[in-house]
S.K.: 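Sending over a structure as structure tokens; questions will come in a sec.
Everything quoted here is computed from the prediction, not taken from an experiment.
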Amino acid sequence: SKAIYGANASGKSNIIKALNAFVQIIKNSVIDNTAIQKHCQPFLLDGKGAQNPIFFQLMFIHQSVKYRYGFEVLDNKVFSEWLFIAQKGREAAYFTADTEGLTIKNVFKYAKPFQNSHKIPNEIFNPTALFLSSLSAVGNKTAKTVTAAIANIVTILGANDPMPQANLLAAINKQSSKDHILELINAADIDITDLKVTDDQLLTAHRQYDEQKNAAQTINANFEEWE
């Protein structure tokens, strides 16, 4: 796990949003021809921003191999794309694509049959789909390795991100996970005695005390309203 922290308005959220857009386009551009449109918006405060491609690139190490993959999008289409891999030492280009065409290097020989795929658009290979994602969809081993590694990236944007909330609700519905969560809560001594999920809402149980400071009964409260 990695965390990003820094001063307010320093761009933390934008980095996470950009990474999430990168991952979602790779995962969905073949099955959803609006994936780029959904996740990319040009910088409108710059008069020329809408005319320039939006750039994405990620360098990462997976199973001791270094990858550099990226792409640019413009007008809801793929503008350029590239993949470089360093098996041992110096990186090598596997493919590059731009307005001049698609170039597949000899080291990526199993992708060679798709050299001219962009010339005849179809459901898998088309201007709104990334070439890497299209290759993965037809079973290319290298492309599947890269896309799977990137697809496993999970981004969480702040405490109100729906993903950890959904995971928490699912965990509470599983007794073994719920027991561990309650152990942590009891150790923190924050006076929550139980947790339950009703209509996709998290309810916390609290002791209500009488005038003698004795626990008289238990009341349930909506977590988002009370905590």
S.K.: Hey, would you say the Tyr67 and Phe84 ring centroids sit under 6.0 Å apart?
M.R.: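 No - the distance between ring centres of Tyr67 and Phe84 does not fall below the 6.0 Å cut-off.
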S.K.: For atom CD of Glu211, decide whether the heavy atoms of other residues, nucleotides or ligands shown that lie under 6.0 angstrom number more than 12.
M.R.: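 No - once you tally the heavy atoms of other residues, nucleotides and ligands closer than 6.0 Å, there are 12 at most.
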S.K.: For residues His206 and Ala221, report the shortest heavy-atom separation together with the two atoms involved.
M.R.: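 Looks like CD2-CB, 4.2 Å.
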S.K.: Quick one: does any side-chain atom of Lys12 pair with a main-chain N or O of Gly6 as donor and acceptor, under 3.5 Å?
M.R.: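 Indeed, once roles are kept as given, a pair shorter than 3.5 Å links the two residues.
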S.K.: If every non-hydrogen atom of Tyr94 is compared with every non-hydrogen atom of Gln87, which pair is closest and at what distance?
M.R.: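 So the two residues come closest at OH-NE2, 3.7 Å.
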S.K.: With under 30° as parallel and over 60° as perpendicular, where do the rings of Phe131 and Phe125 fit, or are they tilted in between?
M.R.: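 Phe131 vs Phe125 ring planes: tilted.
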S.K.: Go through the steps for Asn186 and Glu183 under the test side chain to side chain contact (heavy atoms under 4.5 Å, CB included), then give the verdict.
M.R.: CA-CA 5 Å; Asn186 290 333; Glu183 285 181 16; 5.7 Å; no
S.K.: Stepwise, does the ring-ring contact (aromatic ring centres under 6.0 Å, His included) test hold for Phe71 with Phe79?
M.R.: CA-CA 7 Å; Phe71 57 86; Phe79 183 79; over 10 Å; no
S.K.: Counting only heavy atoms not in Lys112 (residues, nucleotides, ligands), do more than 12 fall under 6.0 Å from its NZ?
M.R.: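 More than 12 within 6.0 Å, yes.
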S.K.: Is it true that a side-chain atom of Ser136 and a backbone atom of Leu132 form a donor plus acceptor pair closer than 3.5 Å?
M.R.: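 No; judged by distance alone, with no hydrogens or angles, the pair does not exist.
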S.K.: Among residues at least two apart in sequence or on other chains, which ones pass side-chain contact (heavy atoms from CB on, under 4.5 Å) with Asn20?
M.R.: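 If we apply the side-chain contact (heavy atoms from CB on, under 4.5 Å) test to Asn20, skipping adjacent residues, the hits are Gln24, Thr155.
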S.K.: Evaluate the criterion side chain to side chain contact (heavy atoms under 4.5 Å, CB included) for residue pair Ile25 and Cys40; output intermediate values, then yes/no.
M.R.: CA-CA 9 Å; Ile25 293 171; Cys40 294; 3.6 Å; yes
S.K.: Counting only N and O atoms by type, is there a donor-acceptor contact under 3.5 Å from the side chain of Asn28 to the main-chain atoms of Asp32?
M.R.: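 Pair absent, no side-chain N/O of Asn28 close to backbone of Asp32.
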S.K.: The criterion is side-chain contact (heavy atoms from CB on, under 4.5 Å); which residues satisfy it with Phe55, sequence neighbours excluded?
M.R.: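 If we apply the side-chain contact (heavy atoms from CB on, under 4.5 Å) test to Phe55, skipping adjacent residues, the hits are Gln57, Glu72, Trp82.
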S.K.: I want to know whether Phe56 and Tyr69 have ring centres closer than 6.0 Å.
M.R.: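 Ring-ring flag for Phe56/Tyr69: false, centres at least 6.0 Å apart.
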S.K.: Check side-chain contact (heavy atoms from CB on, under 4.5 Å) between Lys66 and all other residues, then give those that pass, not counting sequence neighbours.
M.R.: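 Checked Lys66 against side-chain contact (heavy atoms from CB on, under 4.5 Å); matches are Met59, Ile61, Ala86.
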S.K.: Looking only at heavy atoms, which two atoms of Val78 and Leu130 are closest? And how far apart?
M.R.: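 Where Val78 meets Leu130 most closely, the heavy atoms are CG2-CD2, 3.8 Å.
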S.K.: Return yes if some donor-acceptor pair links the side-chain N/O of Asp98 with the main-chain N/O of Glu100 below 3.5 Å, else return no.
M.R.: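 Yes, the answer is positive, given that a donor and an acceptor are paired below the 3.5 Å cut-off.
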S.K.: Output yes when a side-chain donor or acceptor of Asn140 lies under 3.5 Å from a complementary backbone atom of Thr142, and no otherwise.
M.R.: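 Yes.
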S.K.: Determine whether a donor-acceptor pair (N or O, by modelled atom type, separation under 3.5 Å) exists between the side chain of Ser134 and the backbone of Ile124.
M.R.: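 Answer holds: yes.
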S.K.: Given side chain to side chain contact (heavy atoms under 4.5 Å, CB included), test Leu19 with Ile153 step by step and report yes or no.
M.R.: CA-CA 9 Å; Leu19 180 58; Ile153 297 173; 4.0 Å; yes
S.K.: How far apart are the closest heavy atoms of Leu195 and Ile181, and which atoms are they?
M.R.: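 Looking at all heavy atoms of both residues, the shortest contact is CD1-CG2, 3.6 Å.
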S.K.: Backbone N or O of Asn122 within a donor-acceptor pair of the Asn126 side chain at under 3.5 Å?
M.R.: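 It does hold such a pair.
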S.K.: Is there a side chain to side chain contact (heavy atoms under 4.5 Å, CB included) between Thr204 and Ile185 once you walk through the steps?
M.R.: CA-CA 11 Å; Thr204 54; Ile185 290 175; over 6 Å; no
S.K.: Do Ile150 and Phe60 have side-chain heavy atoms sitting under 4.5 Å apart?
M.R.: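 Side chain of Ile150 against side chain of Phe60, heavy atoms only: contact under 4.5 Å found.
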S.K.: Work out which heavy atom in Ala97 is nearest to a heavy atom in Leu102; give both atom names and the distance.
M.R.: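 In terms of heavy atoms, the two residues are closest at CB-CD1, 3.8 Å.
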S.K.: Would a distance-only check, ignoring hydrogens and angles, find a side-chain to backbone donor-acceptor pair under 3.5 Å from Asn33 to Ser29?
M.R.: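 Side chain of Asn33 to backbone of Ser29, a donor-acceptor pair under 3.5 Å: no, none is there.
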S.K.: Grab the two heavy atoms, one from Leu135 and one from Ala111, that are nearest each other, plus how far apart they are.
M.R.: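 Between these two residues, the closest heavy atoms are CD1-CB, 4.0 Å.
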